Amino acid sequence: MGSEGQSAPGRGRKRRAGNKPGKRKRRAHQPRPSFYIHHTDRDMLLLISNQEGEGDVPVSRRRKEATETPGAEPPVTDSGWGCSIPLEILHGIFLLLVQSEGAVPTLCRLSRVCRRWNQVASSPHLWLRVSIGFCWGDPGKKQPPKTQSKIRETLEWLIKERLSLMSEFSLHHWKTQVPFVVKTLAASCPRLSSLTLSHCTGVSADSLFTAAQNCPELLSLNLQNSQSGSCPELRVLELSTEIKQGESHLQICIETLQTGCPKLEVLRLLNLVWSPKSGGRCVSEALGFVHLQELCLATSSYSFVSDSVCQRLLRDSAHLKILDLRGCYRVTPGGICQLPCVDLERLYLGIYCSTKNLALPRTGCSLIAQRWQHSLQELDITAHSYSEEDLAQALNILSTRGSHLHSLNLAGTKVMSPAVRELLSSCPSLMHLDLSSCRYLPRGMKRVYRGEQDIRQCLAALTEELRKELDTE
C-alpha cells in the first residue's frame, strides 16, 4: 500500500510536467479584448463592449454600446519613438492630421495612444473646428435613459475641457439633446463664430437665444428644419429643407427677424415653404435689413412669396447685390422694379416647376433690363412667358455699350434669332448663354453656350442663318 501510495503522485507529476517526446508546448491562452472598434456615420469612433459573461456569444448579439469617454485615463505606454519627438513637433503633426481628417475622431484616437500623446491632443488649439455626427446606438432606435445620460456627460466634458477656443462647430443628424448641446457650447465657447445644425430636430428658440447672448463673435448660423433666434451680430442665416416635404409650412414674422438680426448680410431660405406672419405694431417701428447683400428664396415647390413679401424683406436693402427668386411665380416685374436696390448684379427669376396652371406675366422683362442695365451681370428668366417683342426690347437694352452682362439664361422662352444675334454682336462680355428649349430658334441652336469660343460659334451660326434668309428673298 505504501509503495502504491508513493507511485501515484510520481505518475501525476510526470503527466503534469508534460515531458513526453514529440509533443509541442501548448501556447498560453490569449485573452479576448474587452472591446472592438466600429466605424459609424461620419467616421465616428465607438467602443462596443465585448464582455457579458456569456462565453462565446457572437458580437452581433451583444449591442451594449458606449462611446469612448474623453476623460478616460490613457494607456501607460510611454516608450518607443513616440516619446522621443519634441512636443512642438508632435503638435504640428497632430495639426496636419486635424486639418486633413478633422478633430473628431482623430484627436480622440490619438489621445489614447499614451500619456504624452494625450497631453498634446488635449490642447484646445487643435480643437478649433469640430464636426460631430450621431454615433450613439443603432440608427432609428430609442436610447435608454442610461445612454442619454452618458451622452450628456461625455459632451459636457468634451466641450468644457477641449473646445474652449473653438470657432466652428457642426452637429449632424441629431434627434435629441440638441438644445443641451447648444446651451453647453454657449456657456463654454465664447469664441464661437460659426454654428451649423444640419438635419437636427428639436432645436429650441431659447437655446439659440442663449448662443446669441453668450457668443459675441457668432457670425454664421446654418439651420435646417428649425427656427432661428435673436442674433444681433449674425451676418449669414441659411435655412433649407429637402425638395420633398410635407404639407405644413413655416410662418416667419419678417419684422421680428429684421429686429433680431439687424446686421444680416446674407439670407437664404432654400426649398422652404413659408408664409409671412403679421408683424403687428413692430411693422412700422422695425428697421429693415440695411446691410443685406444677398437674398435667396429659391424653391421648386409651392411659394407664398409675392411683391408685398419682397417689399417687406427689402424695404431698406439699398445695397443688395444678389436676388434669387427662382420658383417665386407670384412676383411680378413691376414689383421687382419698385425695390430700393440700386446696383443689383445678379437676378434669378427662372421657373423650375410646371408652368401649366400659372398665370405668368407677358410683359415686364424690358422694365427689369432698363432698371439695372448699368449693373446687371447675371440674369435668369427661364420658362417665363414674356412676349417676343418684350424680350427683343430687353435684349436690345442689355446689349448697349457699357453692359456688364456675362451670363444670360433664356431657356424655355420665346426669344427669337434677331434679338439673340443683336445681343451677341454688341455684348463681348457675355460668357454663358442658355438657349435650350427656345421654341422659336432653329434646330441645332437650342443648347447651352459656354465660353468665348462657343459664343462666337453661336453668333456665326445666327449670321449664316440671316444670310440664307436674305438669299432666299
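None of these values were measured; they are calculated from a predicted model. Just so you know, these numbers use all the heavy atoms, side chains as well, and skip hydrogens, waters and symmetry mates.
Taking Glu378 as the reference, Arg346 meet the salt bridge (Lys or Arg N to Asp or Glu O under 4.0 Å) condition, with sequence neighbours excluded. Residues passing the side chain to side chain donor-acceptor pair (under 3.5 Å) test with Ser366, sequence neighbours excluded: Asp390. In terms of the side chain to side chain contact (heavy atoms under 4.5 Å, CB included) criterion, residue partners of Ser164 (sequence neighbours excluded) are, by chain and number, Pro124. Looking at residues two or more places apart in sequence or on another chain, you find a side chain to side chain contact (heavy atoms under 4.5 Å, CB included) between Gln119 and Leu87. With sequence neighbours left out, Tyr302 forms a ring-ring contact (aromatic ring centres under 6.0 Å, His included) with Phe304. For Tyr386, the ring-ring contact (aromatic ring centres under 6.0 Å, His included) partners are His384, not counting sequence neighbours. In this view, Phe180 satisfies the ring-ring contact (aromatic ring centres under 6.0 Å, His included) rule with no residue, not counting sequence neighbours. For Glu156, the salt bridge (Lys or Arg N to Asp or Glu O under 4.0 Å) partners at least two apart in sequence or on another chain are Lys160. Qualifying side chain to side chain contact (heavy atoms under 4.5 Å, CB included) partners for Arg456, counting only residues two or more places apart in sequence or in other chains: Glu452.
Applying the salt bridge (charged side-chain N to carboxylate O under 4.0 Å, His left out) test to pairs two or more places apart or on separate chains, none has a residue in residues 422-432. Residue pairs meeting the salt bridge (charged side-chain N to carboxylate O under 4.0 Å, His left out) criterion with at least one partner in residues 176-195, sequence neighbours excluded, are Lys183-Asp206.
Val182 is not listed as a side-chain neighbour of Thr210, based on a closest heavy-atom distance of 4.5 Å or more. No side-chain heavy atom of Thr332 sits less than 4.5 Å from a side-chain heavy atom of Ile336. Arg326 has its side chain out of reach of Thr299: every pair of non-hydrogen atoms, C-beta onward, lies at least 4.5 Å apart.
Once rounded to the nearest 0.5 Å, the distance linking NE2 of His404 with OG of Ser429 reads 8.0 Å. Here the CG-CG distance, from Leu459 to Asp454, works out to 12.0 Å after rounding to the nearest 0.5 Å. Atom CG of Leu430 sits about 12.0 Å away from atom CD of Gln377, to the nearest 0.5 Å. Here SG of Cys296 is found 4.5 Å from CG of Leu270. Values are rounded to the nearest 0.5 Å. The CG atom of Leu424 sits 9.5 Å away from atom OG of Ser399, with the distance rounded to the nearest 0.5 Å. For the atom pair OG1 (Thr400) and CD (Gln370), the distance works out to 8.5 Å, reported to the nearest 0.5 Å.
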- Task: Apply side-chain contact (heavy atoms from CB on, under 4.5 Å) to the pair His319 and His291, showing each step before the final yes or no.
- Result: CA-CA 7 Å; His319 303 290; His291 305 281; over 6 Å; no
- Task: List the steps and the verdict of side-chain contact (heavy atoms from CB on, under 4.5 Å) for Asp343 and His374.
- Result: CA-CA 8 Å; Asp343 298 316; His374 67 286; 2.9 Å; yes
- Task: Apply side chain to side chain donor-acceptor pair (under 3.5 Å) to His172 and Ser131, showing your working.
- Result: CA-CA 8 Å; His172 302 266; Ser131 179; 3.2 Å; yes
- Would Ser122 and Arg162 count as a side chain to side chain donor-acceptor pair (under 3.5 Å) if you check the C-alpha gap in whole Å, the side-chain angles of each, and the deciding distance to 0.1 Å? CA-CA 6 Å; Ser122 301; Arg162 296 288 186 269; 2.9 Å; yes
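A side-chain contact (heavy atoms from CB on, under 4.5 Å) with Leu325 is found for exactly one of Asp380, Ile351, Leu349, namely Leu349.
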List the atom pairs, with distances to 0.1 Å, where a side-chain N or O of residues 409-417 and a protein N or O form a donor-acceptor pair under 3.5 Å, not counting sequence neighbours.
from, atom 1, to, atom 2, distance (Å)
Asn409, OD1, Thr382, OG1, 3.0
Asn409, OD1, Ala411, N, 3.1
Asn409, ND2, Thr382, OG1, 3.3
Thr413, OG1, Leu410, O, 2.6
Ser417, OG, Glu465, OE1, 3.3

